[in-house]
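Small disclaimer: the values here were computed from a predicted structure and weren't measured. In what follows, chains carry the letters A, B, and so on, assigned in the order in which the sequence lines appear, proteins first and then strands, with residues in each chain numbered from 1.
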Number of protein chains: 2
Amino acid sequence: MPRMKPEEPNTHRTMHVVNHIRGLIENGTLQPGDKIPPEREFARTLKISRASLRTGIGYLAAMGVMKIRHGVGTFVADGPPEFGKASLSLMGALHGFQSWQMFEARIILESHLAALAAERGKEEHHAALAEEVAEMFATLDSPADYLIHDLLFHRLVSQASGNPILAALIETITSALYDKRRKTVERSTDRRESAEMHREIYKAIRARKPLDARKLMDQHLRMAQAAQGMERPAERRGSAAGQRHKPARLTAVASD
Amino acid sequence: MPRMKPEEPNTHRTMHVVNHIRGLIENGTLQPGDKIPPEREFARTLKISRASLRTGIGYLAAMGVMKIRHGVGTFVADGPPEFGKASLSLMGALHGFQSWQMFEARIILESHLAALAAERGKEEHHAALAEEVAEMFATLDSPADYLIHDLLFHRLVSQASGNPILAALIETITSALYDKRRKTVERSTDRRESAEMHREIYKAIRARKPLDARKLMDQHLRMAQAAQGMERPAERRGSAAGQRHKPARLTAVASD
DNA sequence: CCAGGATTAGAGGTCAGACCACAAGTATAC
DNA sequence: GTATACTTGTGGTCTGACCTCTAATCCTGG
C-alpha cells in the first residue's frame, strides 16, 4: 500500500500559522504596528479554517507578539518588548513564586542595567533621564504622578542599556510588581530621598561610571524593597507573615 | 439608565477560562503534572462552548503553564519553570534581538545565580553538582554527551540559587541559545579546560564563596561566548524603532 | 452649516455538531 | 505467547451561522 503522502500537510496548523507569521515578520513584510488581514480572508489565503487560524493567532497574542482589538483588527505588537503579561503571574501561582524573589530578580537585573546604561547610554538618553528626574522633584506631592515618572525613569535606564532582552525581562517583572508598588507609594513619605537617589543614579550614568551607577541603583532598590517589606524572609521558619523586622542579607554587591 | 449590569457574564470567555484554571491552581485543586478534565466535559462544566475553552487552554499552553498531548489529555506543566519556548525566539524576530544580547543576558544572570547558589546551596545540590562535573570529565570524548551534562550542571546551579524566577529566566534564554550551542560544541577542542572550569565553579559554590563563584562563572561564560563568536560587535548605528535590515544572518557561527 | 444620534459595514468572538487523528488499552487471530 | 486488529477516549480541525464590538457614515433637527 503505497503511501501517497510524501509531504506532511498536517504539522499542526497552529504552528503552521505561527511560523508563517514569524516568517512575515523576519522578512520585513510585517512590522510592529502593522495590521494583518482579516481572519476570514487570511484563513482562505493559508488554506486552513478560520478556527485554526484563530488558534495560531491566539498563541501569538498570548506571548505578546500580536495584539487583538475586537471589532477593529489584529496587529503586530509595537510597544516596548514584554513577555506575556499574565505569564509571570500565572507561573507564580503555579510554581509558588514569592514577592521577594521577584524583587531580588529585579535588583540583580536593574543594577546591571544601570551599569550598562552608564557604559553605552547616548546623549538622548541622558537628556530624557534628566527630564524625568526633574519631573520627579516637581511631583513630590503627588504620589500617583511621582510613580509614573519613577517608572519612566527606570524604563529609560533599560532602553539606555542597549540590551532589549534584559529590558524585556525587567519590564515583565516590573509590571507584575506594579500593583503592589502602587499601594505602598501612597504611604511613602520619603519621596524626596527617593528622588535624590534617582538624581545620583542619573549623574553616575551621565558621568559614565558603571560601577557607581550599579552600586547606587542597587542601593536604591534595596531601600525600596525594605519599604515594601519584600526582603527575603529568614530561613524557612514561621508560617504566615506578620511584621518582620529581620534584616535580610542578600548577595553583596561585588565590583568586578 | 436601565442597563444596570451588576455582573459581567461576558468578560471574554478566554480570560474566564484562564482565571478559572488559575484559581484551581492557586487553591491547590490543580497541581503540576495533574490532568484536567476532557475538553467536552470541562466545557459543559464551565457552561461555554468547547471552542472557547480551547482558546483559553491554548493561551495557557502558549505560556508554558499547560502542556497538551494529542490523544492523551491536557496537563499542568511540571518540569522546570520556563516561559513560552517560542516566546524569546518570536520576540527576537520582532524586535531584532541579537545573539550577543542573549549571551550578555545569560552571563549577567548566571553569574549572579552562581553567587546565590554559593550562598544558599544545600548539601543535596552540592552532591548533584559534583556528580555532573564527574560526568563531564567522563564524557570528554563525546561532544553530545558532554553538552548534556554541561546543561544539567548549569540547571542545577539555577536550582541551587533558590530563586525560581531567575532560574526560569535563564532556562528560557538558554533554550533559545541551545541550537547554536550544539553546533559549536562539536568542533570545540577545549572540553577539558571547560570541565576544569566547571570544577572550579563547583568548588567555589561548595566552599560558599559567592564572589569566587560569580567571578568564575562569569569567566567561564565569557570564554564560551568568545568560542561561539557572540561578543558584542563594535559600535554601530542603531535606530530604536523598527528599522528593517535583514537580521536573518546573525553573528553566530554559520550553520554547518 | 453643524452637532449628535441612528445606521451600517467590517472585524473579531462564540456557538454547535460532525468528523479526523493520535495514543492506549483490549480483544482476537495465528 | 505474540502480533495484529479493534475499540475507546482525547485532542485537532472543519463548516457556517450568528453575536458583539468599533468606527465610519448618513441623516436629521437645530
Value in whole Å for how far the [atom2] atom of [N] lies from [atom1] of [X]:
| X | N | atom1 | atom2 | answer |
| --- | --- | --- | --- | --- |
| B/Ile57 | D/dG12 | CD1 | C1' | 12 Å |
| A/Arg13 | C/dC19 | CZ | C1' | 13 Å |
| B/Arg44 | C/dC15 | CZ | C1' | 16 Å |
| B/Met66 | D/dG12 | CE | P | 11 Å |
| A/His16 | D/dC14 | NE2 | C1' | 16 Å |
| A/Tyr59 | D/dT13 | OH | P | 13 Å |
| A/Lys47 | D/dT15 | NZ | P | 13 Å |
| B/Leu46 | C/dC15 | CG | P | 11 Å |

What side-chain donor-acceptor pairs closer than 3.5 Å can you find for residues 51-76 of chain A, not counting sequence neighbours?
unit_1  : atom_1 : unit_2  : atom_2 : d
A/Ser52 : OG     : A/Ser49 : OG     : 3.4
A/Arg54 : NH1    : A/Glu39 : OE1    : 3.4
A/Arg54 : NH1    : A/Glu39 : OE2    : 2.9
A/Thr55 : OG1    : A/Ala51 : O      : 3.1

Compile the donor-acceptor pairs under 3.5 Å between side chains in residues 41-48 of chain A and protein atoms, sequence neighbours left out, one pair per line.
unit_1  : atom_1 : unit_2  : atom_2 : d
A/Thr45 : OG1    : A/Glu41 : O      : 3.1

task = Please name all residues satisfying side-chain contact (heavy atoms from CB on, under 4.5 Å) with B/Ala128, sequence neighbours left out, ordered by chain then number.
result =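 Partners of B/Ala128 by the side-chain contact (heavy atoms from CB on, under 4.5 Å) criterion, ordered by chain and then number, come out as B/Leu156.
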key: For B/Asp78, all residues meeting side-chain contact (heavy atoms from CB on, under 4.5 Å), sequence neighbours excluded   =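 Result, side-chain contact (heavy atoms from CB on, under 4.5 Å) vs B/Asp78: B/Pro32.
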inquiry  = Is it the case that over 12 heavy atoms from other parts of the model lie below 6.0 angstrom from the CG atom of B/Asn27?
reply    =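 Buried by this count: over 12 neighbours within 6.0 Å.
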Atom pairs under 3.5 Å, N or O on each side, protein against nucleotides 7-11 of chain D: can you list them with distances?
unit_1 : atom_1 : unit_2  : atom_2 : d
D/dG9  : N2     : B/Gly71 : O      : 3.0
D/dG11 : OP2    : B/Glu39 : N      : 2.9
D/dG11 : N7     : B/Arg40 : NH1    : 3.1
D/dG11 : O6     : B/Arg40 : NH2    : 3.0
D/dG11 : N2     : B/His70 : NE2    : 3.4
D/dG11 : N3     : B/His70 : NE2    : 3.4

query = Quick one: is A/Thr55 getting a side-chain N or O under 4.0 Å of the D/dT13 phosphate, OP1 or OP2?
reply =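 No, because none of the side-chain N or O atoms of A/Thr55 sits under 4.0 Å from OP1 or OP2 of D/dT13.
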inquiry  = Below the 4.0 Å mark, does C/dC15 have OP1 or OP2 next to a side-chain nitrogen or oxygen of B/Ser52?
reply    =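 True: B/Ser52 side-chain N/O within range (under 4.0 Å) of C/dC15 OP1/OP2.
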request  = Please list, chain by chain and in numerical order, all residues satisfying side-chain hydrogen bond (donor to acceptor under 3.5 Å, both in side chains) with B/Asp34, sequence neighbours excluded.
outcome  =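 So B/Asp34 forms no side-chain hydrogen bond (donor to acceptor under 3.5 Å, both in side chains) with any residue.
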